[in-house]
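Numbered from 1 within each chain, the chains take letters A, B, ... in sequence-line order. Because the structure is a prediction, the values reported are computed rather than measured.
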Amino acid sequence: MSNTIIAIIIGFLVAPLVGGLISGLDRIITARLQGRIGPPVWQAFYDVIKLMSKESMVVNVWQAFCAYAYVSAAAIAVVLFFLKSDLLLILFIQAVGAVFLVVGALSSTSPYSQVGAHRELLQILAYEPLIILVIAGIYLETGSFKISAIYDWNQPLIFKLPFLFVALGYALTIKLRKSPFDLSTSHHGHQELVKGVLTDYSGPYLALIEIGHWYDVVLLLGFCSLFWATGAVGMLALLALTYFAEILIDNVTARMTWRWMLGYVWAMGFTLCSVNLIWVILG
Amino acid sequence: MLENVVSVSPDTLAGEIAKTKYEGFRFVTMTCVELDADTAEVIYHFDRDFTLKNFRLKAAKNADIPSISHIFMAAFLAENEIQDMFHLKFKGLIIDFNRTLYFDDNAQTAPLCRYTVSQIKSPEPESIQNSGDV
Amino acid sequence: MFKMTPTILKNFLTEKATRLYPFEIREPYAHVRGELVNNSETCNFCGICAAKCPSQCIKVDKKSATWECEPFECVYCGICVDACPQESLSQKELYRKPSAERQHIIIKGEIRPEKPDAPVA
Amino acid sequence: MQEAIQKTVQRTTIPFGPQHPVLPEPVHLKITVEDEIIKEVVPALGFVHRGLEKLIDIRDFHQMIQVVERVCGICSMIHAMCYVHGIEELMKIEVPPRAKYLRVIWSELHRIHSHLLWLGLFADSFGFESVFMQFWRIREKILNIDEATTGNRIIVSVNVVGGVRKDLSQDQMRWILDELDQIEQMTTQLESTLFEDYTVKKRTIGKGLLPSRQAVELGIVGPTLRASGVAQDMRQLGYAAFKELDFEPVTENNCDCWARCRVRYREVLQSIDLIRQAISKIPAGEINVKVKGRPQGEVITRVEQPRGELLYYIKANGSKNLDRLRIRTPTFANIPALFTMLPGMWLSDVPVIVLSIDPCISCTER
Amino acid sequence: MAEIIFLLIVVPFIAALGCLLFRIQFIRASIIIICAGLLMGGSLFLIPMIPFAYSPGSFFGVNIHEILQGADFLLLLIIFYFGIKHKNLVIQALSIFQAVMLGYLEFFLSDGGGHDVVFYCDHLSLILVLIICIIGSIICLQAIPYMKNHEAHLKIAVSRQPGFFFVMLLFLGGMNGVVLANDMKFLYFFFEVTTLCSFLLIGHDKTERATRNAVRALWMNSIGGAAFVSGLVYLYVKLGMLDMQNIIHTTPQAGIIVLPMALLCFASFTKSAQFPFQSWLLGAMVAPTPVSALLHSSTMVKVGVYLVLRIAPAIQGMFLSQCITVFGAFTFLAGAALAVGQSNGKKVLAYSTISNLGLIFACAGVNTSEAITAAIILIIFHAVSKALLFLCVGTIEQHIESRNIEDMRGLYTRMPLTALITVMGVITMIMPPFGLLLGKWMAMEAAARSFFGIIMIAMGSALTVMYWARWAGILMSDPFAGKFKLERQPVLTWFALISLSLGAASLSVVSPWIYKLGIIPAMGKDYLSSYALDFGILENSFGVFAVLPLSLVAVFGFLIAVLAVKGATRSRIVMPYLSGVQTSEPRVFRGPMNQNVIAEAGNYYLSSIFGETRLTAWINIGAVILLTLVIGGAL
Amino acid sequence: MKKMLGKIIASTRMKSPWILHFDCGSCNGCDIEVLACLTPVYDIERFGMVNVGNPMHADILLVTGTVNHRNKKVLTNLYDQMPAPKVVIAIGACGLSGGIFRDAYNVVGGVDRVIPVDVYVPGCPAKPEAIIDGAVLALKKFEVLRQQKLAV
Ligand code: SF4
Ligand code: SF4
Ligand code: SF4
Ligand code: SF4
Ligand code: SF4
Ligand code: SF4
Ligand code: SF4
Ligand code: SF4
């Protein structure tokens with residue numbers, strides 16, 4: 001029971017702190033890659049606290065509802081992850097957040113929000129099947145959807161599921177809103193859609209979404225951590241490498257279009273998943 | 001001084017311009033100069049191999065001028081601009097902004113005509129509250 | 001797909017381009033056209049500057065010996081400096097500092113008796 | 001209540017600008033898209049229109065130099081140069097040769113800075129932020145040269161009727177050459193990213209096609225035209241000292257955004273070469289001549305701006321104020337191209353294609 | 001027992017006749033309300049009695065098997081008559097074929113029947129009966145105000161409602177018959193009754209379009225009927241009996257029954273409008289919306305999946321079973337893909353129904369304990385949520401005179417409560433902890449070992465999210481935050497909408513106990529129960545779904561979010577971002593030439609990818625290939 | 001406690017000013033200098049400043065260029081869409097007063113003719129250093145605004 005409570009606390013409180021810190025590091029590393037100094041590590045927190053203290057301003061009160069729903073779903077997903085619950089269930093709960101983000105954007109009549117929302121849906125369309133297949137692959141290998149069982153597995157999954165890890169990488173890039181997939185909204189606003197799904201959010205509600213994004217980051221890194229669950233050092237190294245690779249990819253690619261994204265991610269992702277799944281099924 | 005100047009009238013304009021196009025000239029731009037209270041001069045500039053050819057058209061300010069935008073599509077911007085600035089009227093413009101290319105409803109007409117300029121008053125600073133409306 | 005990688009990795013590993021302004025201020029180049037100053041000692045309020053200024057931001061009143069400038073209208077072209085017969089005008093090497101209020105510069109000199117051979121604009 | 005007519009393709013109307021993060025300048029495009037495919041584009045101008053052609057009434061022809069420099073801050077020096085060419089022609093002033101070479105050097109520096117700026121913005125338009133940062137980092141070197149040699153980073157104000165205001169010392173020229181070497185090296189480092197990277201090629205090749213016949217018919221100028229394979233560069237007129245320098249107009253035959261990017265990229269290198277030539281050939285002597293009298297008559301002058309052919313029509317009547325000043329800037333000529341390039345493309349291509357003509361609304365509207 | 005069966009099957013028939021005879025609105029409404037009450041009550045009374053078997057010998061003194069024979073041929077005659085009336089050779093041929101087969105079965109093979117148990121009710125039947133009686137009744141109640149409005153809209157002078165409600169109630173009886181019948185001859189009869197009812201209801205509006213679509217539904221379902229009767233003949237020839245329970249549980253060699261089972265599956269596919277037979281269900285959308293809700297989403301199309309679930313234990317482990325998985329998963333994916341391309345609200349619902357039925361088939365095909373659980377859960381919750389959504393669309397349609405999703409943009413300002421209920425319906429379709437998602441979760445975990453199955457289900461699932469989310473989103477798409485007046489609706493409409501939405505939510509919360517009390521027994525001894533129930537958490541060896549805790553969290557989160565909305569009403573309301581050219585009108589910006597332009601926004605239907613005409617051809621080809629595999633595999 | 005919270009908020013506001021840059025008819029000179037602030041040599045992200053390009057997210061409105069009759073409405077629209085507290089920085093001679101163009105017929109004048117301006121950054125164009133100084137001055141304005149709010 002006390003374990004449960006600790007897990008819940010970690011999930012609710014520590015995870016966003018870690019997520020925010022990762023965002024801060026991300027910005028620094030990105031800046032360094034571009035030959036700049038970049039912001040302080042705590043910048044993400046400054047931003048969010050500032051946003052919290054701004055005037056509350058909405059286009060439609062539904063935005064408030066959706067922002068809360070998004071951050072709650074993201075938080076619950078992370079808590080369930082720390083409770084070592086069912087992977088598929090966690091994915092579904094995370095999807096609730098994604099859907100509410102879309103619904104919130106659709107509730108504004110600005111075409112930027114609307115187009116952003118549809119692109120977000122297309123992104124969901126691209127990454128969700130991949131994550132499901134990754135989870136299925138993990139299940140085929142370990143015989144369980146439960147994180148507790150997966151963490152107890154006796155060898156790093158990445159040796160058996162390397163292609164699935166790459167496929168997860170695609171999903172990760174989309175989810176983290178990194179180039180070439182920062183279609184629905186991007187971290188820097190220089191995009192044809194302004195801020196896409198987030199265009200009409202402001203102040204505290206934007207802060208909530210930012211926090212939700214931190215939860216998402218932690219959750220996704222959690223997914224990645226499943227691939228090296230036998231030791232903390234290996235796991236951390238894998239996560240650090242993965243995240244650095246994401247930043248690198250962000251900085252060496254142009255933003256693409258959703259048509260390309262659907263085609264490319266489906267073709268590559270499904271091929272990788274299929275190969276790996278067949279390998280697991282036959283092996 | 002301007003090179004290769006040809007005078008045209010509103011009647012011969014379209015024919016001359018079409019001929020110029022046939023000869024392989026490229027539309028450069030049009031310039032409007034006010035001559036006096038009633039007349040303005042429109043100069044059409046064309047270029048072939050770095051040589052300019054200019055057509056001068058004297059036009060009464062209140063009479064319509066035939067548009068050449070159906071011959072050279074690119075002329076539509078220049079013609080719209082002249083409509084805005086000199087209050088001339090081009091007939092048959094393919095995209096007619098109807099004197100709203102640069103100016104809002106409240107702006108003055110024909111600012112580049114010396115003889116009709118009416119200076120508008122600088123407006124007071126607008127209050128912020130009721131400014132949501134365009 | 002990864003053509004940019006060497007460049008950014010190089011950026012990552014080498015010194016950053018960032019100049020740490022305002023903590024580190026680079027020495028300005030010589031003859032940079034910055035803030036306009038008039039030396040009230042040397043100015044004879046001839047008004048040449050006012051006449052030449054393309055932005056028409058200088059007003060000179062010979063009678064009351066005042067030289068007024070709207071620094072927010074000045075475009076830092078330096079034409080006035082070139083034109084000033086007294087070399088009374090000069091430009092600092094730094095720009096005028098931002099301010100929270102509108103600014104207006106008035107320089108009052110002493111009214112000197114007009115010399116008969118003074119150049120006339 | 002019977003079955004509603006099935007509409008599966010929905011129209012979306014997007015007000016693109018005047019305030020929009022990817023548009024560097026306030027222009028408004030009403031874009032109609034269906035499933036993100038552009039169906040119709042209607043522009044609205046006038047957000048930058050100041051009416052500065054009219055300022056001739058209250059500014060004399062010397063002061064107008066500073067005004068036309070501010071038609072656009074990016075290639076300000078070239079505007080002023082074009083203008084003073086016209087006045088000089090009207091007043092029959094022979095400019096000292098050294099001044100002509102200096103004009104070439106500064107105008108080519110402006111071209112480099114403008115193209116580097118554009119290459120950065122272009123990369124940003126398809127979301128390649130690190131390339132943007134890299135080009136702007138390179139560009140700062142040019143601005144340093146400007147600041148050190150003319151006294152200002154951007155609006156340099158070096159032209160006067162009859163010559164130039166500033167001279168370059170031997171040291172400065174050597175320094176410029178050194179800096180140019182570095183600029184060349186840093187720029188060529190990015191060549192493979194701009195032209196061979198898979199994602200960049202996906203976003204630029206085949207986008208905004210403008211076949212050469214159409215380009216000529218629309219009166220397109222500058223790199224946009226040269227990217228459609230037409231070798232037309234106003235520097236071939238030989239103004240300033242260009243007739244004594246050796247260069248070929250840069251052309252590409254792809255007619256798309258990729259080619260436009262490539263033309264500008266190659267022009268950076270070309271300009272570096274031109275500056276080297278100019279520095280090696282520059283004669284000693286005066287940098288300006290005393291000007292007396294007032295302009296009279298009518299003249300058209302044309303120069304090549306970073307964006308293409310710039311045309312000044314000046315009509316003077318012998319007083320200190322001009323009678324008419326007309327500025328036809330390259331973007332004014334290039335805007336019609338958007339009408340043919342945009343429809344049929346995707347919404348994500350709008351910034352890329354709009355930027356590919358290197359629009360300068362400030363000078364279009366004046 | 002007899003009374004209950006009588007109540008569930010015969011009373012609706014009698015009430016139906018009553019509707020036909022008494023042509024006064026008030027009396028008709030009363031009859032419907034009473035009948036609905038009886039059905040609901042009756043179905044609840046059934047709960048303590050199961051399982052039971054019941055074989056009435058006679059009905060009012062006539063041998064029930066003889067009644068059946070007579071009714072069977074009468075039915076086929078009616079169908080044949082419609083075939084002639086609408087000059088449709090296929091219907092004529094198929095009804096003659098069925099009559100011949102049936103005659104062969106009745107008069108040459110069988111000795112008049114009587115050996116088989118006629119009615120059998122276990123937990124699976126019970127679940128279906130509850131769905132039919134409760135949801136079906138609610139829909140019938142909502143149909144009373146709906147049809148009044150409907151006829152007013154169409155300006156029909158002489159009311160055709162008596163006929164309409166006659167068929168509706170008849171259908172309820174027929175449905176109960178299908179799920180209670182154990183003797184497959186009876187099953188076949190009721191099966192055909194639903195076909196006929198469906199035909200009559202689709203054609204109710206008597207427009208040229210309605211008639212055409214009704215005829216299409218009839219001939220496609222007749223194919224199913226023909227397959228069904230062929231299966232019966234084959235079974236009888238091989239086994240000498242038509243007792244469902246017996247056949248499933250006591251078959252000596254599995255090999256014998258593969259072909260008839262495949263034929264039954266085929267019949268199920270037509271009934272459940274699986275590809276390539278989807279077109280009749282889409283055409284059926286011309287019918288008044290209660291019809292769509294009752295027949296074409298929550299009940300009749302469930303007959304197909306019910307049948308397959310019934311026979312699932314018999315085909316466990318067979319290749320046929322695997323084929324059904326792939327076929328079902330394919331339909332799930334294809335239906336979802338086609339739904340993405342639709343802007344017509346009812347068509348989205350139709351494709352979504354097809355898609356969900358495909359998922360249920362896939363579960364039945366996977367045929368493990370988890371999969372069957374998933375299938376039953378999906379049946380229950382799909383029925384509730386989909387009925388709700390259909391009724392919502394019907395209500396909306398009557399208000400805004402359009403069923404196009406685009407026209408529902410910002411519906412919240414016009415019909416706040418209906419819009420909220422619709423969004424609620426959508427949420428129950430795609431989000432945890434609601435039942436449908438619980439089912440989908442189980443389905444995915446169960447299907448994870450099927451390579452093709454899981455890939456198609458994964459893609460289909462993402463597509464599903466896409467078409468639902470955008471619909472829910474645009475209902476709320478309006479920049480105002482002011483207070484709105486509640487729209488006016490008839491009491492019965494509110495009753496239907498609110499009871500169904502509350503039902504969808506509350507049933508989800510108690511789904512673990514539904515599982516324990518209803519589904520485990522429904523799976524019977526053929527499957528080991530797999531999920532353990534603890535604190536309202538369903539858990540098995542490889543997965544866990546915390547239904548109750550999540551529900552509590554969801555309720556809690558919902559309350560917080562509602563408070564947040566209340567707080568947000570005090571915020572400053574601004575116009576949406578329109579690049580700085582917005583005006584004081586919400587969607588209007590100042591465009592070129594100083595003109596005000598409306599910033600339209602349209603959904604993406606991706607017609608280049610998910611266009612109906614393009615995609616349907618390919619999907620039908622794929623489905624035919626898979627179907628050939630199903631049947632061919634059996635041979 | 002409340003005071004503490006206020007301090008934290010104040011300090012984060014100083015550390016995370018998000019910028020909306022609106023080119024209100026400038027000659028591009030000031031514009032590109034604003035953009036240059038974002039690039040490696042000046043890198044104002046060091047101070048947490050990001051160019052968000054969207055009034056709904058912005059704290060600071062940077063305006064370059066002259067106000068004319070057409071864009072003044074756009075300017076007020078954008079200003080209205082920004083959530084409080086917000087400050088406005090006018091940049092360049094044009095933004096301050098209309099600069100060299102202030103006598104042209106289509107020019108209304110400086111930014112303060114239309115919306116209240118908190119900080120004036122002179123220059124033609126204003127140098128990146130000056131823009132950074134202006135932003136620092138604007139941050140102080142946030143503190144002033146907070147004090148005012150507390151006083152009310
Ligand atoms: S001399 Fe007279 S006009 Fe000239 S600057 Fe002095 S006061 Fe002005
Ligand atoms: S005479 Fe010339 S220098 Fe003297 S005050 Fe007059 S203008 Fe100035
Ligand atoms: S620097 Fe230029 S703008 Fe400023 S006062 Fe001098 S002449 Fe006028
Ligand atoms: S710099 Fe020249 S033009 Fe400007 S105010 Fe001074 S004297 Fe006048
Ligand atoms: S030109 Fe020089 S001396 Fe004359 S008024 Fe101006 S500053 Fe004074
Ligand atoms: S085209 Fe643009 S950059 Fe070039 S001079 Fe004109 S305004 Fe300046
Ligand atoms: S003068 Fe200032 S505002 Fe105008 S373009 Fe130059 S820098 Fe920009
Ligand atoms: S202040 Fe100068 S640089 Fe800035 S916009 Fe105005 S003219 Fe251009």
Side-chain angles (χ1 to χ4, degrees), chain B residues 1-5 21 24-35 40-54 56 69 71-78 80-82 84-86 94-95 97 99-105 107-108 110-114 117 119-120 134, chain D residues 42-51 53-54 56-57 89-90 214-221 225 230-239 296-302 309-315 323-340 364-366:
Chain B
M1 299 306 102
L2 301 194
E3 26 180 5
N4 307 328
V5 181
K21 181 174 184 177
F25 278 87
R26 161 180 74 93
F27 175 78
V28 178
T29 194
M30 298 159 61
T31 301
C32 184
V33 185
E34 188 190 35
L35 296 179
E41 178 183 64
V42 182
I43 312 173
Y44 297 78
H45 313 289
F46 295 90
D47 171 287
R48 189 176 63 188
D49 301 330
F50 303 103
T51 314
L52 281 175
K53 182 173 186 183
N54 301 296
R56 258 185 222 277
S69 58
I71 307 170
F72 285 103
M73 186 266 195
F76 89 94
L77 253 185
N80 269 304
E81 182 180 298
I82 292 171
D84 267 30
M85 291 183 166
F86 292 87
I94 50 169
I95 304 174
F97 279 81
R99 298 184 183 133
T100 60
L101 184 68
Y102 292 150
F103 301 131
D104 254 31
D105 311 329
Q108 79 217 81
L112 253 65
C113 287
R114 288 195 175 83
V117 171
Q119 212 63 44
I120 51 161
V134 167
Chain D
V42 184
L45 303 174
F47 296 97
V48 206
H49 182 61
R50 291 152 289 187
E53 287 176 358
K54 182 73 175 165
I56 49 172
D57 287 355
E89 195 177 327
L90 286 179
Q214 210 173 4
V216 174
E217 217 175 285
L218 287 171
I220 305 306
V221 295
L225 179 66
V230 181
Q232 186 210 64
D233 186 331
M234 285 303 134
R235 286 176 288 180
Q236 288 167 296
L237 283 172
Y239 61 84
Q296 172 140 33
E298 237 183 337
V299 73
I300 289 175
T301 47
R302 293 188 289 170
E309 170 200 49
L310 171 69
L311 177 145
Y312 269 65
Y313 168 90
I314 301 169
K315 187 176 181 188
D323 205 26
R324 173 88 171 102
L325 172 68
R326 157 116 175 92
I327 307 168
R328 201 299 313 267
T329 56
T331 305
F332 194 86
N334 284 343
I335 280 185
L338 291 179
F339 285 86
T340 55
T364 306
E365 298 178 8
R366 307 172 302 282

| Partner of Phe27(B) under ring pair (Phe, Tyr, Trp, His ring centres under 6.0 Å), chosen from Phe46(B), Phe76(B), Tyr44(B) | Phe46(B)
| Under a 4.0 Å N-O cut-off, is there an ion pair linking Glu365(D) with Arg50(D)? | no
| Between Arg26(B) and Glu309(D), is there a side-chain N and carboxylate O pair less than 4.0 Å apart? |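 Salt bridge between Arg26(B) and Glu309(D), a charged N being under 4.0 Å from a carboxylate O: yes.
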| message | If you count heavy-atom pairs within less than 4.5 Å of chain B, which of Val221(D), Asn334(D), Ile220(D), Asp233(D) leads? | response | Asp233(D)
| Who among Glu217(D), Gln232(D), Met234(D) has the most heavy-atom pairs with chain B under 4.5 Å? | Gln232(D)
Heavy-atom distance under 4.5 Å to chain D: side chain of [X], backbone, both or neither?
| X | result |
| --- | --- |
| Ser69(B) | neither |
| Phe50(B) | both |
| Asp49(B) | neither |
| Ala75(B) | neither |

Is [X] close to chain B through its backbone or its side chain, or both, or neither, when contacts mean heavy atoms under 4.5 Å?
| X | result |
| --- | --- |
| Phe47(D) | neither |
| Leu218(D) | both |
| Val48(D) | neither |

| said: Between Arg326(D) and Thr29(B), do the side chains contain a donor N or O and an acceptor N or O under 3.5 Å apart? | reply: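 Their side chains do contain a donor-acceptor pair, which is all the 3.5 Å distance test asks for.
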| field | Stepwise side-chain contact (heavy atoms from CB on, under 4.5 Å) test for Lys315(D) and Thr31(B) | value | CA-CA 11 Å; Lys315(D) 187 176 181 188; Thr31(B) 301; over 6 Å; no
| query | Is a donor on one side and an acceptor on the other found under 3.5 Å between the side chain of Arg324(D) and the backbone of Ile56(D)? | reply |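 Flag not set: sc Arg324(D) to bb Ile56(D) has no pair under 3.5 Å.
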| Trace of the side-chain contact (heavy atoms from CB on, under 4.5 Å) decision for Met85(B) with His49(D) | CA-CA 11 Å; Met85(B) 291 183 166; His49(D) 182 61; 3.3 Å; yes
